[in-house]
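Below you'll find the structure, written out as C-alpha coordinates, and then a few comments.
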Amino acid sequence: MTRIGVVGAGILGLAVARRLAALRPDARVTVLDKEDRVAAHQTGHNSGVAHAGLYYAPGSLKATLCRRGIALLKDFCADRGLPYEECGKVVVARDAGELAALEEIERRATANGVPGLRRLSGAELREIEPHAAGVAALHSPTTAIVDFTAVARACAEDVRAAGGSVRLGLEVTRIGRAGDAVAVVAGGERLVFDRLVVCAGLHSDRVARLAGDSPAPTIVPFRGEYYRLAPGRDDLVRGLIYPVPDPRYPFLGVHFTRRVGGGVDIGPNAVLALAREGYRRRDVRPSELWETLTRPGFGRLARTHWRTGLREMYGSAVKRAFLAEARAFVPALEAADMVPAPAGVRAQAVDPDGSLVDDFRIGRLGPVTTVRNAPSPAATSALAIAEHLAGGVLED
(Lines give C-alpha, C1' and ligand atoms only; values in the text may rest on other atoms or scores of the structure.)
Protein backbone atom coordinates (compact mmCIF):
# COMPACT_ATOMS: atom_id res chain seq x y z
CA MET A 1 0.00 0.00 0.00
CA THR A 2 1.35 3.43 -0.98
CA ARG A 3 1.55 5.82 1.97
CA ILE A 4 0.96 9.47 1.03
CA GLY A 5 1.32 12.38 3.42
CA VAL A 6 0.07 15.93 2.91
CA VAL A 7 1.21 18.73 5.19
CA GLY A 8 -1.45 21.42 5.50
CA ALA A 9 -5.22 21.22 6.00
CA GLY A 10 -6.10 24.36 4.10
CA ILE A 11 -8.15 24.16 0.94
CA LEU A 12 -5.13 23.37 -1.23
CA GLY A 13 -3.74 20.56 0.93
CA LEU A 14 -7.17 19.00 1.33
CA ALA A 15 -7.92 19.29 -2.40
CA VAL A 16 -4.61 17.58 -3.18
CA ALA A 17 -5.31 14.82 -0.65
CA ARG A 18 -8.81 14.35 -2.05
CA ARG A 19 -7.47 14.02 -5.60
CA LEU A 20 -4.73 11.58 -4.61
CA ALA A 21 -7.21 9.44 -2.68
CA ALA A 22 -9.49 9.32 -5.72
CA LEU A 23 -6.66 8.41 -8.10
CA ARG A 24 -5.20 5.74 -5.85
CA PRO A 25 -7.94 4.00 -3.89
CA ASP A 26 -5.33 1.51 -2.68
CA ALA A 27 -3.23 4.27 -1.09
CA ARG A 28 -3.37 5.47 2.49
CA VAL A 29 -3.61 9.28 2.46
CA THR A 30 -2.89 11.22 5.64
CA VAL A 31 -3.25 14.98 6.06
CA LEU A 32 -1.32 16.64 8.89
CA ASP A 33 -1.97 20.08 10.37
CA LYS A 34 -0.85 21.78 13.56
CA GLU A 35 -4.24 23.44 14.16
CA ASP A 36 -7.32 21.90 15.74
CA ARG A 37 -9.51 22.56 12.69
CA VAL A 38 -9.22 22.66 8.92
CA ALA A 39 -8.98 25.95 7.01
CA ALA A 40 -7.62 27.76 10.07
CA HIS A 41 -5.47 30.32 8.27
CA GLN A 42 -5.47 31.65 4.69
CA THR A 43 -8.47 29.56 3.62
CA GLY A 44 -10.52 30.60 6.63
CA HIS A 45 -9.64 34.28 6.22
CA ASN A 46 -10.18 34.35 2.46
CA SER A 47 -12.36 37.01 0.82
CA GLY A 48 -14.55 34.27 -0.66
CA VAL A 49 -14.17 35.36 -4.28
CA ALA A 50 -14.09 32.73 -7.03
CA HIS A 51 -11.99 34.50 -9.63
CA ALA A 52 -12.86 34.15 -13.31
CA GLY A 53 -9.29 34.75 -14.56
CA LEU A 54 -9.25 38.41 -15.58
CA TYR A 55 -5.78 39.56 -14.57
CA TYR A 56 -3.39 36.73 -15.23
CA ALA A 57 -0.88 36.54 -18.06
CA PRO A 58 -2.29 34.28 -20.79
CA GLY A 59 -0.51 30.94 -20.82
CA SER A 60 0.70 31.28 -17.23
CA LEU A 61 0.05 28.56 -14.71
CA LYS A 62 -2.15 31.03 -12.81
CA ALA A 63 -4.35 31.68 -15.82
CA THR A 64 -4.65 28.04 -16.85
CA LEU A 65 -5.39 26.69 -13.40
CA CYS A 66 -7.77 29.52 -12.53
CA ARG A 67 -9.97 28.89 -15.55
CA ARG A 68 -9.98 25.14 -14.95
CA GLY A 69 -10.35 25.63 -11.22
CA ILE A 70 -13.43 27.83 -11.29
CA ALA A 71 -15.25 25.32 -13.49
CA LEU A 72 -14.37 22.47 -11.11
CA LEU A 73 -15.29 24.60 -8.09
CA LYS A 74 -18.70 25.50 -9.50
CA ASP A 75 -19.51 21.85 -10.17
CA PHE A 76 -18.19 20.79 -6.76
CA CYS A 77 -20.37 23.33 -4.96
CA ALA A 78 -23.41 22.25 -6.96
CA ASP A 79 -22.78 18.58 -6.19
CA ARG A 80 -22.29 19.22 -2.48
CA GLY A 81 -25.07 21.79 -2.04
CA LEU A 82 -22.61 24.54 -1.10
CA PRO A 83 -23.29 28.24 -1.80
CA TYR A 84 -21.95 29.55 -5.10
CA GLU A 85 -23.29 32.91 -6.22
CA GLU A 86 -22.33 34.51 -9.52
CA CYS A 87 -22.84 38.06 -8.32
CA GLY A 88 -20.42 39.48 -10.90
CA LYS A 89 -17.55 41.93 -10.67
CA VAL A 90 -16.79 45.33 -12.16
CA VAL A 91 -13.18 46.48 -12.52
CA VAL A 92 -13.42 50.26 -12.46
CA ALA A 93 -11.20 52.86 -14.14
CA ARG A 94 -11.46 55.98 -12.02
CA ASP A 95 -10.10 58.32 -14.68
CA ALA A 96 -8.68 58.42 -18.21
CA GLY A 97 -5.22 57.60 -16.89
CA GLU A 98 -6.38 54.07 -16.03
CA LEU A 99 -8.02 53.26 -19.36
CA ALA A 100 -4.93 51.73 -20.93
CA ALA A 101 -4.50 49.39 -17.96
CA LEU A 102 -8.20 48.47 -18.13
CA GLU A 103 -7.76 47.61 -21.81
CA GLU A 104 -4.85 45.33 -20.92
CA ILE A 105 -7.01 43.52 -18.37
CA GLU A 106 -9.71 43.10 -21.01
CA ARG A 107 -7.12 41.73 -23.46
CA ARG A 108 -5.83 39.23 -20.91
CA ALA A 109 -9.29 38.18 -19.81
CA THR A 110 -10.38 37.62 -23.41
CA ALA A 111 -7.25 35.58 -24.13
CA ASN A 112 -7.93 33.51 -21.00
CA GLY A 113 -11.44 32.69 -22.20
CA VAL A 114 -13.35 34.52 -19.46
CA PRO A 115 -17.00 34.36 -20.55
CA GLY A 116 -19.52 37.18 -20.76
CA LEU A 117 -17.07 40.09 -20.57
CA ARG A 118 -18.50 43.51 -21.34
CA ARG A 119 -16.84 46.89 -21.49
CA LEU A 120 -18.93 49.55 -19.74
CA SER A 121 -19.13 53.30 -19.99
CA GLY A 122 -19.52 55.31 -16.80
CA ALA A 123 -23.28 55.43 -17.30
CA GLU A 124 -23.47 51.66 -17.96
CA LEU A 125 -21.40 51.02 -14.84
CA ARG A 126 -24.02 52.78 -12.75
CA GLU A 127 -26.74 50.56 -14.22
CA ILE A 128 -24.98 47.60 -12.60
CA GLU A 129 -23.59 49.35 -9.50
CA PRO A 130 -25.69 52.51 -8.95
CA HIS A 131 -23.35 53.93 -6.29
CA ALA A 132 -20.08 53.26 -8.14
CA ALA A 133 -18.03 56.03 -9.76
CA GLY A 134 -15.71 55.71 -12.74
CA VAL A 135 -15.21 56.69 -16.35
CA ALA A 136 -15.31 53.07 -17.57
CA ALA A 137 -15.36 49.51 -16.27
CA LEU A 138 -15.02 45.90 -17.27
CA HIS A 139 -17.88 43.64 -16.19
CA SER A 140 -17.28 39.95 -15.44
CA PRO A 141 -20.71 38.44 -14.75
CA THR A 142 -19.36 34.96 -13.89
CA THR A 143 -17.08 36.07 -11.05
CA ALA A 144 -18.62 34.43 -8.00
CA ILE A 145 -18.57 34.29 -4.21
CA VAL A 146 -18.29 31.06 -2.22
CA ASP A 147 -17.56 29.77 1.27
CA PHE A 148 -14.05 28.34 0.94
CA THR A 149 -14.05 27.02 4.50
CA ALA A 150 -17.11 24.93 3.65
CA VAL A 151 -15.36 23.72 0.48
CA ALA A 152 -12.31 22.70 2.54
CA ARG A 153 -14.50 20.81 5.02
CA ALA A 154 -16.19 18.98 2.16
CA CYS A 155 -12.79 17.99 0.75
CA ALA A 156 -11.81 16.68 4.19
CA GLU A 157 -15.01 14.62 4.27
CA ASP A 158 -14.10 13.12 0.89
CA VAL A 159 -10.61 12.22 2.10
CA ARG A 160 -12.08 10.40 5.10
CA ALA A 161 -14.77 8.72 2.97
CA ALA A 162 -12.01 7.36 0.72
CA GLY A 163 -10.29 5.77 3.71
CA GLY A 164 -7.79 8.54 4.40
CA SER A 165 -7.33 10.54 7.56
CA VAL A 166 -7.08 14.22 8.50
CA ARG A 167 -4.99 14.43 11.64
CA LEU A 168 -5.18 17.76 13.43
CA GLY A 169 -3.10 19.18 16.25
CA LEU A 170 0.11 17.62 14.88
CA GLU A 171 2.83 20.13 14.03
CA VAL A 172 5.52 18.90 11.66
CA THR A 173 8.92 19.53 13.23
CA ARG A 174 11.24 17.26 11.25
CA ILE A 175 11.37 15.69 7.79
CA GLY A 176 14.07 13.24 6.70
CA ARG A 177 14.72 10.37 4.35
CA ALA A 178 14.16 6.80 5.42
CA GLY A 179 15.62 4.85 2.51
CA ASP A 180 13.33 5.53 -0.45
CA ALA A 181 10.63 6.83 1.88
CA VAL A 182 10.14 10.03 3.87
CA ALA A 183 10.09 10.13 7.67
CA VAL A 184 8.05 12.91 9.26
CA VAL A 185 8.02 13.81 12.93
CA ALA A 186 4.72 15.51 13.84
CA GLY A 187 3.37 16.08 17.32
CA GLY A 188 6.03 13.76 18.71
CA GLU A 189 5.03 10.89 16.39
CA ARG A 190 7.23 9.46 13.65
CA LEU A 191 5.32 8.77 10.47
CA VAL A 192 6.72 7.24 7.29
CA PHE A 193 5.39 8.02 3.81
CA ASP A 194 6.26 6.92 0.29
CA ARG A 195 5.22 10.34 -1.02
CA LEU A 196 4.90 13.68 0.75
CA VAL A 197 3.26 16.92 -0.43
CA VAL A 198 3.93 20.17 1.42
CA CYS A 199 1.06 22.70 1.25
CA ALA A 200 1.95 24.62 4.39
CA GLY A 201 0.78 28.13 3.40
CA LEU A 202 2.21 30.73 5.76
CA HIS A 203 4.92 28.27 6.80
CA SER A 204 5.56 26.75 3.37
CA ASP A 205 9.19 27.89 3.16
CA ARG A 206 10.00 26.59 6.63
CA VAL A 207 8.47 23.17 6.04
CA ALA A 208 10.06 22.97 2.58
CA ARG A 209 13.46 23.63 4.15
CA LEU A 210 12.84 20.82 6.63
CA ALA A 211 12.42 18.57 3.59
CA GLY A 212 15.76 19.73 2.16
CA ASP A 213 14.43 22.28 -0.33
CA SER A 214 16.27 25.52 -1.06
CA PRO A 215 15.90 28.53 1.27
CA ALA A 216 14.34 30.61 -1.49
CA PRO A 217 11.77 31.84 -2.04
CA THR A 218 10.97 32.93 1.49
CA ILE A 219 7.56 33.87 2.84
CA VAL A 220 6.89 37.46 3.87
CA PRO A 221 3.54 37.70 5.69
CA PHE A 222 1.33 40.64 4.72
CA ARG A 223 -1.74 41.40 6.82
CA GLY A 224 -4.80 42.43 4.85
CA GLU A 225 -7.11 44.56 6.98
CA TYR A 226 -10.80 44.94 6.24
CA TYR A 227 -13.75 47.06 7.15
CA ARG A 228 -17.33 45.93 6.63
CA LEU A 229 -20.38 47.92 5.63
CA ALA A 230 -22.46 48.69 8.67
CA PRO A 231 -25.89 47.04 9.00
CA GLY A 232 -28.41 48.70 6.74
CA ARG A 233 -25.79 49.98 4.27
CA ASP A 234 -25.35 46.84 2.16
CA ASP A 235 -27.39 48.53 -0.57
CA LEU A 236 -24.31 50.57 -1.50
CA VAL A 237 -22.85 47.53 -3.30
CA ARG A 238 -24.66 44.88 -5.33
CA GLY A 239 -21.75 42.59 -6.21
CA LEU A 240 -17.98 43.13 -6.37
CA ILE A 241 -16.31 46.46 -7.12
CA TYR A 242 -12.58 46.31 -7.86
CA PRO A 243 -9.96 48.88 -8.86
CA VAL A 244 -7.66 48.64 -11.84
CA PRO A 245 -4.66 46.99 -10.13
CA ASP A 246 -1.11 48.30 -10.21
CA PRO A 247 0.77 45.81 -12.44
CA ARG A 248 3.89 46.12 -10.24
CA TYR A 249 2.19 44.34 -7.34
CA PRO A 250 0.28 41.07 -6.87
CA PHE A 251 -2.12 42.86 -4.50
CA LEU A 252 -5.38 44.12 -6.00
CA GLY A 253 -5.91 47.17 -3.77
CA VAL A 254 -8.92 48.11 -1.66
CA HIS A 255 -12.17 46.80 -3.13
CA PHE A 256 -15.74 45.91 -2.17
CA THR A 257 -16.67 42.24 -1.76
CA ARG A 258 -20.12 40.86 -1.05
CA ARG A 259 -20.02 37.72 1.14
CA VAL A 260 -22.16 34.60 0.80
CA GLY A 261 -23.07 34.75 4.48
CA GLY A 262 -24.25 38.35 4.16
CA GLY A 263 -22.53 41.69 4.39
CA VAL A 264 -19.98 43.52 2.26
CA ASP A 265 -16.27 43.74 3.08
CA ILE A 266 -14.09 46.71 2.16
CA GLY A 267 -10.39 46.04 1.69
CA PRO A 268 -7.85 44.68 2.07
CA ASN A 269 -4.80 46.83 2.37
CA ALA A 270 -1.37 45.12 2.59
CA VAL A 271 0.85 45.84 5.58
CA LEU A 272 3.77 43.83 6.90
CA ALA A 273 2.56 41.40 9.56
CA LEU A 274 4.76 41.14 12.64
CA ALA A 275 4.15 37.39 12.89
CA ARG A 276 3.38 34.66 10.40
CA GLU A 277 -0.09 34.45 11.91
CA GLY A 278 -0.30 38.12 12.83
CA TYR A 279 -3.97 38.79 12.29
CA ARG A 280 -4.01 41.64 14.81
CA ARG A 281 -1.63 44.57 15.15
CA ARG A 282 -0.67 43.38 18.60
CA ASP A 283 0.30 39.92 17.31
CA VAL A 284 4.09 40.12 17.42
CA ARG A 285 6.56 37.24 17.43
CA PRO A 286 10.08 38.72 17.62
CA SER A 287 11.79 35.59 16.27
CA GLU A 288 9.50 35.44 13.24
CA LEU A 289 9.81 39.17 12.62
CA TRP A 290 13.60 38.91 12.81
CA GLU A 291 13.50 36.00 10.38
CA THR A 292 11.41 38.05 7.95
CA LEU A 293 13.65 41.11 8.17
CA THR A 294 16.92 39.22 7.75
CA ARG A 295 15.97 36.85 4.97
CA PRO A 296 17.58 37.45 1.55
CA GLY A 297 15.34 39.63 -0.56
CA PHE A 298 13.48 41.53 2.13
CA GLY A 299 15.93 44.45 2.18
CA ARG A 300 15.72 44.82 -1.60
CA LEU A 301 11.93 44.56 -1.45
CA ALA A 302 11.76 47.28 1.19
CA ARG A 303 14.11 49.62 -0.69
CA THR A 304 12.12 49.23 -3.90
CA HIS A 305 8.63 49.61 -2.44
CA TRP A 306 9.08 51.72 0.68
CA ARG A 307 6.78 54.49 -0.55
CA THR A 308 3.95 52.02 -1.14
CA GLY A 309 4.66 50.45 2.25
CA LEU A 310 4.36 53.80 4.02
CA ARG A 311 1.10 54.56 2.22
CA GLU A 312 -0.35 51.20 3.25
CA MET A 313 0.73 51.74 6.87
CA TYR A 314 -0.88 55.18 6.88
CA GLY A 315 -4.12 53.70 5.56
CA SER A 316 -3.92 51.08 8.29
CA ALA A 317 -3.43 53.61 11.09
CA VAL A 318 -5.78 56.35 9.86
CA LYS A 319 -9.37 55.37 9.07
CA ARG A 320 -10.02 58.46 6.97
CA ALA A 321 -7.16 57.47 4.64
CA PHE A 322 -8.69 54.02 4.16
CA LEU A 323 -12.07 55.69 3.67
CA ALA A 324 -10.67 58.06 1.04
CA GLU A 325 -9.34 55.15 -0.99
CA ALA A 326 -12.68 53.33 -0.81
CA ARG A 327 -14.69 56.49 -1.60
CA ALA A 328 -12.84 56.82 -4.88
CA PHE A 329 -15.12 53.99 -6.05
CA VAL A 330 -18.23 54.53 -3.90
CA PRO A 331 -18.44 58.28 -3.17
CA ALA A 332 -21.56 57.92 -0.99
CA LEU A 333 -19.56 55.95 1.58
CA GLU A 334 -19.18 57.68 4.95
CA ALA A 335 -16.99 56.87 7.95
CA ALA A 336 -20.04 55.74 9.92
CA ASP A 337 -20.77 53.17 7.19
CA MET A 338 -17.53 51.28 7.94
CA VAL A 339 -17.07 48.95 10.91
CA PRO A 340 -13.94 46.84 11.58
CA ALA A 341 -13.86 43.31 10.21
CA PRO A 342 -11.46 40.37 10.71
CA ALA A 343 -8.12 40.57 8.93
CA GLY A 344 -6.28 37.95 6.92
CA VAL A 345 -2.59 37.25 6.36
CA ARG A 346 -1.20 36.52 2.91
CA ALA A 347 1.82 34.28 2.46
CA GLN A 348 3.77 36.26 -0.14
CA ALA A 349 6.83 34.51 -1.53
CA VAL A 350 9.85 36.74 -2.20
CA ASP A 351 12.91 35.82 -4.25
CA PRO A 352 16.45 36.74 -3.13
CA ASP A 353 16.50 39.66 -5.58
CA GLY A 354 13.54 41.19 -3.76
CA SER A 355 10.97 40.42 -6.45
CA LEU A 356 7.49 39.32 -5.43
CA VAL A 357 6.74 35.85 -6.79
CA ASP A 358 3.52 36.22 -8.72
CA ASP A 359 2.85 32.77 -10.19
CA PHE A 360 2.43 29.40 -8.53
CA ARG A 361 5.78 27.81 -7.72
CA ILE A 362 6.10 24.08 -7.15
CA GLY A 363 9.25 22.08 -6.39
CA ARG A 364 10.20 18.40 -6.50
CA LEU A 365 12.79 16.63 -4.34
CA GLY A 366 12.45 12.96 -5.15
CA PRO A 367 9.39 11.71 -3.26
CA VAL A 368 8.65 15.18 -1.83
CA THR A 369 6.60 17.83 -3.65
CA THR A 370 6.66 21.35 -2.22
CA VAL A 371 4.19 24.12 -2.99
CA ARG A 372 6.38 27.18 -2.40
CA ASN A 373 3.98 29.87 -3.58
CA ALA A 374 0.21 29.63 -3.97
CA PRO A 375 -1.15 33.18 -4.11
CA SER A 376 -4.61 34.28 -5.14
CA PRO A 377 -6.37 32.72 -7.03
CA ALA A 378 -5.13 29.58 -5.24
CA ALA A 379 -8.44 28.98 -3.46
CA THR A 380 -10.36 29.29 -6.74
CA SER A 381 -7.78 27.06 -8.43
CA ALA A 382 -7.37 24.49 -5.65
CA LEU A 383 -9.16 21.61 -7.36
CA ALA A 384 -7.25 22.29 -10.58
CA ILE A 385 -3.92 22.61 -8.75
CA ALA A 386 -4.69 19.23 -7.20
CA GLU A 387 -5.15 17.76 -10.69
CA HIS A 388 -1.91 19.39 -11.82
CA LEU A 389 0.10 18.05 -8.89
CA ALA A 390 -1.36 14.59 -8.45
CA GLY A 391 0.15 12.93 -11.52
CA GLY A 392 3.65 14.09 -10.62
CA VAL A 393 3.28 13.02 -7.01
CA LEU A 394 2.39 9.48 -8.06
CA GLU A 395 5.18 9.11 -10.64
CA ASP A 396 7.72 6.41 -9.84
Side-chain angles (χ1 to χ4, degrees), residues 2 4-24 27 29 31-33 41-43 46 51 53 55-70 72-73 112 152 155 172 175 177 182 184 193-221 250 297 346-353 355-396:
T2 302
I4 302 173
V6 178
V7 181
I11 191 171
L12 182 53
L14 291 167
V16 169
R18 173 181 178 269
R19 180 66 177 171
L20 290 169
L23 287 176
R24 290 291 297 271
V29 178
V31 181
L32 303 172
D33 198 285
H41 291 296
Q42 291 187 107
T43 303
N46 191 285
H51 293 280
Y55 309 104
Y56 318 121
S60 67
L61 201 55
K62 257 191 177 184
T64 302
L65 295 180
C66 182
R67 288 299 308 144
R68 172 64 176 160
I70 194 171
L72 292 172
L73 178 63
N112 290 336
C155 286
V172 173
I175 300 174
R177 297 298 289 271
V182 184
V184 176
F193 300 107
D194 300 295
R195 301 286 188 273
L196 183 70
V197 185
V198 175
C199 301
L202 288 162
H203 300 277
S204 59
D205 56 339
R206 289 177 159 185
V207 181
R209 289 198 300 270
L210 290 177
D213 205 351
S214 64
T218 57
I219 293 299
V220 174
R346 173 180 175 140
Q348 176 60 56
V350 177
D351 274 328
D353 64 0
S355 60
L356 299 166
V357 181
D358 187 44
D359 209 348
F360 301 129
R361 189 171 293 185
I362 299 163
R364 290 289 302 276
L365 301 98
V368 181
T369 300
T370 58
V371 179
R372 297 298 299 263
N373 192 53
S376 178
T380 301
S381 309
L383 297 173
I385 296 172
E387 281 187 344
H388 178 76
L389 286 177
V393 170
L394 296 174
E395 285 179 357
D396 293 330

Which residue is it: V7, V197, V16, V6? I am looking for the one with a side chain to side chain contact (heavy atoms under 4.5 Å, CB included) to V31.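 Option passing the side chain to side chain contact (heavy atoms under 4.5 Å, CB included) with V31: V6.
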Residue of the set V184, V371, I175, L196 for which side chain to side chain contact (heavy atoms under 4.5 Å, CB included) holds with V207: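 Single pass found, and it is I175.
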Which residue pairs pass the side chain to side chain donor-acceptor pair (under 3.5 Å) test with at least one member in residues 366-375, sequence neighbours excluded?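 Qualifying pairs: D213-T370, D213-R372, R364-T369.
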Closest approach of [X] to [Y] (non-hydrogen atoms, all atoms of both residues):
| X | Y | result |
| --- | --- | --- |
| A63 | N112 | CB-OD1, 3.5 Å |
| V29 | A17 | CG1-CB, 3.8 Å |
| I70 | H51 | CD1-O, 3.3 Å |
| D359 | P375 | O-CD, 4.2 Å |
| L210 | V172 | CD1-O, 4.0 Å |
| R361 | D351 | NH1-OD1, 2.8 Å |

Taking atom [atom1] of [X] and atom [atom2] of [Y], what is their separation to the nearest 0.5 Å?
| X | Y | atom1 | atom2 | result |
| --- | --- | --- | --- | --- |
| L73 | C66 | CG | SG | 10.0 Å |
| T64 | I385 | OG1 | CD1 | 11.5 Å |
| H388 | L61 | NE2 | CG | 4.5 Å |
| Y55 | K62 | OH | NZ | 11.0 Å |
| L12 | S381 | CG | OG | 9.5 Å |
| L23 | T2 | CG | OG1 | 12.0 Å |

Beyond-backbone contact of [X] with [Y], side-chain heavy atoms, under 4.5 angstrom:
| X | Y | result |
| --- | --- | --- |
| Q42 | L202 | yes |
| I4 | D194 | no |
| L72 | E387 | yes |

Could you list all the salt bridge (charged side-chain N to carboxylate O under 4.0 Å, His left out) pairs where at least one residue sits in residues 12-22, not counting sequence neighbours?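 Listed once each, the pairs are R18-D158.
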